[in-house]
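Here's the structure we're looking at; comments come further down.
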Protein chains: 2
Amino acid sequence: MTLRQVAERAGVSIRTVSNVVTGAVPVRDATRIRVEQAVEELGYRPNVAARRLRSGRAQAIGLVLPDVTVPYFREFADDVFAAARAHGLAVVVEQTRGDLDRERSVLADPRLRHVDGIVFASVALDRDDLAAMPPPGRPVVLAGASAFDGPLDAVAPDQYAAGHAVGDLFGRTGRSRPVIVSADSQRSPLQASARYQGFIDGLADHGVDFGDTGGGQAVLRSAAVTLEAGRAAVPTVLDRWPGVDAIFANADALALGVLRGLHDAGRRVPEHVALVGFGNVEYAAHSHPTLTTVDTSRAAAAQAAVKLILQRRDAALPAAPQHLDIGFTLVERESTGAGG
Amino acid sequence: MTLRQVAERAGVSIRTVSNVVTGAVPVRDATRIRVEQAVEELGYRPNVAARRLRSGRAQAIGLVLPDVTVPYFREFADDVFAAARAHGLAVVVEQTRGDLDRERSVLADPRLRHVDGIVFASVALDRDDLAAMPPPGRPVVLAGASAFDGPLDAVAPDQYAAGHAVGDLFGRTGRSRPVIVSADSQRSPLQASARYQGFIDGLADHGVDFGDTGGGQAVLRSAAVTLEAGRAAVPTVLDRWPGVDAIFANADALALGVLRGLHDAGRRVPEHVALVGFGNVEYAAHSHPTLTTVDTSRAAAAQAAVKLILQRRDAALPAAPQHLDIGFTLVERESTGAGG
DNA sequence: GTGAAAGCGCTAACAC
DNA sequence: GTGTTAGCGCTTTCAC
């Protein structure tokens with residue numbers, strides 16, 4: 001079924017059929033109805049490839065993320081699916097496992113060539129990597145923490161402010177021996193991040209010096225962003241910083257593992273140790289105790305990213321990279337002594 | 001960058017460049033190297049849309065599933081990504097939430113029009129639905145239990161045999177009061193399924209009559225395939241069938257919830273109650289106790305489905321629907337008294 | 001508001 | 001083994 005066949009059947013030109021189908025140009029009612037009937041009878045469906053070749057629009061976006069196994073990214077994927085759906089866009093998914101080499105090369109992957117733009121949840125790339133990458137040739141929007149002020153478009157919460165909110169929470173609830181559990185890498189250490197800086201500043205506002213926990217810098221690097229990794233981190237934390245009374249885990253999966261680890265170790269949350277995660281995954285509201293965490297506006301980020309891609313594709317935006325702050329919320333729950 | 005420009009630069013015809021790029025037709029070494037150099041210098045990348053329009057191949061498949069939130073489907077998605085990757089295919093993901101209407105209409109979704117074929121993990125469609133659907137117009141492979149012998153291609157384990165293996169396990173380990181927890185629907189009740197028939201036959205081989213558990217048919221219908229739903233089902237099970245000594249949960253997520261529910265109720269697994277799940281999700285090997293379950297060869301199914309799509313696309317297969325039995329394994333773990 | 005026609009970049013049939 | 005060429009089905013000037 002082609003436009004031509006429909007045109008013949010309806011006794012109009014191919015142009016008119018196209019106008020009816022795309023809806024871009026108004027068509028006289030009588031003509032339109034005749035065309036619609038022909039379309040219906042012939043079961044005509046536009047050929048996406050031809051349309052794309054001619055128009056340069058794929059009506060599809062790429063979604064690059066580490067792994068749908070990690071709760072946070074799974075939920076983010078969900079949000080991107082919804083946002084894309086709202087714009088009639090298909091979503092091509094590509095996983096990187098958080099692997100640096102994969103993240104470096106993924107934008108050149110032929111399987112992502114036929115998309116209008118890419119939502120890229122990077123976890124391994126730093127500013128230098130991004131600077132070294134060839135221009136992607138189509139809109140790419142970074143989602144999340146990575147290199148917020150780099151050369152690419154980005155949507156993310158204000159990491160400094162988010163860290164600050166957590167530090168402030170610990171400070172104002174009288175915690176003075178905080179420890180951080182983080183899955184950061186050697187390449188982009190937590191200590192270099194705005195989130196970290198915000199955290200210690202937030203503590204300092206209440207006269208708490210992060211150095212005071214003892215044992216040097218109270219940061220434990222976890223091997224992975226998993227429940228198991230979080231759980232496994234606890235004995236080390238308790239051993240190295242026996243006086244710990246608060247833990248900031250840099251991802252909810254980690255935090256939920258820490259929660260279990262603390263339970264195993266006989267420490268009560270929040271009585272002995274306050275606990276805060278990052279990401280506000282669904283399960284954070286269902287754990288026992290429920291988990292205080294930073295909600296990073298995943299859905300808003302997904303929507304903003306998709307919209308940005310569309311705007312760039314349709315050339316409504318200047319070339320300068322956009323960096324959208326999509327906000328965050330500190331969700332206080334039982335793990336820091338809040339009511340629900 | 002087009003083929004033409006590369007051809008000019010290399011001093012050959014467009015045809016030769018095409019031959020080099022696709023690798024379909026052998027090209028003399030000297031020529032090939034010259035072309036490759038031109039490709040490199042110009043940074044030429046084939047235009048996917050043009051290629052697809054001309055060749056009719058999208059080099060992409062669709063993956064339709066209920067929800068990447070359900071562990072089983074998340075892991076299946078992982079397997080499909082890997083299989084597609086191995087063939088250089090992109091994957092367009094579409095979620096249905098397991099909703100009947102969505103599943104009925106999803107194959108007509110324009111966002112899935114530009115794919116070579118679709119791997120369809122259906123949970124809601126029954127034989128009549130499938131028969132009533134218009135011919136999809138491109139390869140569609142059902143993955144999982146749904147309508148294995150229907151008009152569409154399908155890859156699935158032998159449901160009767162799988163059910164039988166579980167019934168047999170209960171029977172041979174002396175369980176005589178089994179209960180089933182299932183998230184089946186009114187429309188396609190478990191009792192009509194081969195898996196169920198196999199289960200009761202497996203029990204019968206050891207002289208156990210599934211009717212003997214008392215209280216009518218010992219099947220509890222759960223509202224959803226989630227941990228919470230499994231957990232919530234336990235009090236009802238214990239109330240309705242107090243003598244229960246074995247539970248077959250028709251999905252691992254459910255089983256893991258049941259595991260918790262039994263713990264909450266003070267019943268020990270496997271001492272008081274043996275428990276078997278279905279699907280062998282990753283977490284089944286890490287719960288306490290570890291979960292006995294039916295491994296449905298997800299990876300094999302994913303690979304077979306992708307291969308089938310490719311074969312159909314390239315017309316190497318007759319029109320008759322293929323129904324591939326990809327086997328299963330009963331993985332015995334602690335929840336039925338096995339060692340590991 | 002509608003028709004005629006060009007051509008997006010590529011593959012493949014046809015020549016040699 | 002390579003050149004020439006005809007479209008794949010569509011959008012989009014350019015006319016009227």
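It should be emphasised that the depicted structure is a prediction, and the values quoted were computed from it without experimental measurement. Letters go in sequence order (proteins before strands), and every chain restarts at 1.
- Ion pairing of D314(A) with R57(A) is present here, as a side-chain N (NZ or NE/NH1/NH2) and a carboxylate O approach within less than 4.0 Å.
- Atom-to-atom, CD of Q5(B) to P of dC8(C) comes out at 11 Å; the value is rounded to the nearest Å.
- Toward the 5' end of DNA chain C, the nearer of the two residues T2(B) and V27(A), judged by each one's closest nucleotide, is V27(A).
- Of the side-chain N and O atoms in S13(A), one or more sit less than 4.0 angstrom from OP1 or OP2 of dG3(C).
- For Q59(B) and dC10(C), the CD to P distance is 15 Å, given to the nearest whole Å.
- Minimum atom distance to the side chain of A50(A) is reached by dG9(D), of the listed dT2(D), dG9(D), dT5(D).
- Nearest heavy-atom pair across P136(B) and L107(B) is CB-CD1, 4.3 Å.
- Of the candidates dG1(D), dG1(C), dC10(C), dG1(C) carries the atom nearest the P26(A) side chain, counting heavy atoms from C-beta on.
- Contact annotation: R51(B) reaches the phosphate of dT11(C) (side-chain N/O to OP1 or OP2, under 4.0 Å).
- Comparing atom distances between the V12(A) side chain and each of dT11(C), dG3(C), dG9(C) picks out dG3(C) as nearest.
- At the heavy-atom level, R15(B) lies under 4.0 Å from base atoms of the strands shown.
- A salt bridge links R312(B) to D153(B): one of the charged nitrogens lies within less than 4.0 Å of a carboxylate oxygen.
- When distances run from any side-chain atom of L53(A) to the nucleotides dT2(C), dT2(D), dG9(D), the shortest one goes to dG9(D).
- Between R52(B) atom CZ and dG9(D) atom P the separation is 11 Å, expressed in whole Å.
- When rounded to the nearest whole Å, the span between CZ of R113(A) and C1' of dG9(C) equals 14 Å.
- Here the P atom of nucleotide dT12(D) and the CG atom of L3(A) are 12 Å apart, to the nearest Å.
- Between A49(A) and R57(A), the residue anchored nearer the 5' end of DNA chain D, judged by the nucleotide with its closest heavy atom, is A49(A).
- Neither OP1 nor OP2 of dT11(D) sits under 4.0 Å from any side-chain N or O of S55(A).
- Taking atom CZ of R34(A) as the reference point, atom C1' of dT2(C) lies 11 Å away to the nearest angstrom.
- Between R32(A) and E36(A) there is a salt bridge, since at least one side-chain N of the basic residue sits less than 4.0 Å from a carboxylate O of the acidic one.
- Atoms CE (M1(B)) and P (dC10(C)) sit 11 Å apart, rounded to a whole Å.
- For the pair R4(A) CZ and dC8(D) C1', the computed distance is 11 Å after rounding to whole Å.
- In the interface, the side chain of R54(B) is paired with the base of dG7(D) through a donor and an acceptor atom under 3.5 Å apart.
- When the side-chain nitrogen and oxygen atoms of T22(B) are compared with OP1 and OP2 of dT11(C), none of them lie within a distance under 4.0 Å.
- Salt bridge status for R138(A) with D116(A): absent, with no side-chain N to carboxylate O gap under 4.0 Å.
- For T16(A), counting side-chain heavy atoms from C-beta on, the closest listed nucleotide (dT11(C), dT2(C), dT11(D)) is dT2(C).
- Remark: R97(B) engages D78(A) in a salt bridge, criterion side-chain N to carboxylate O under 4.0 Å.
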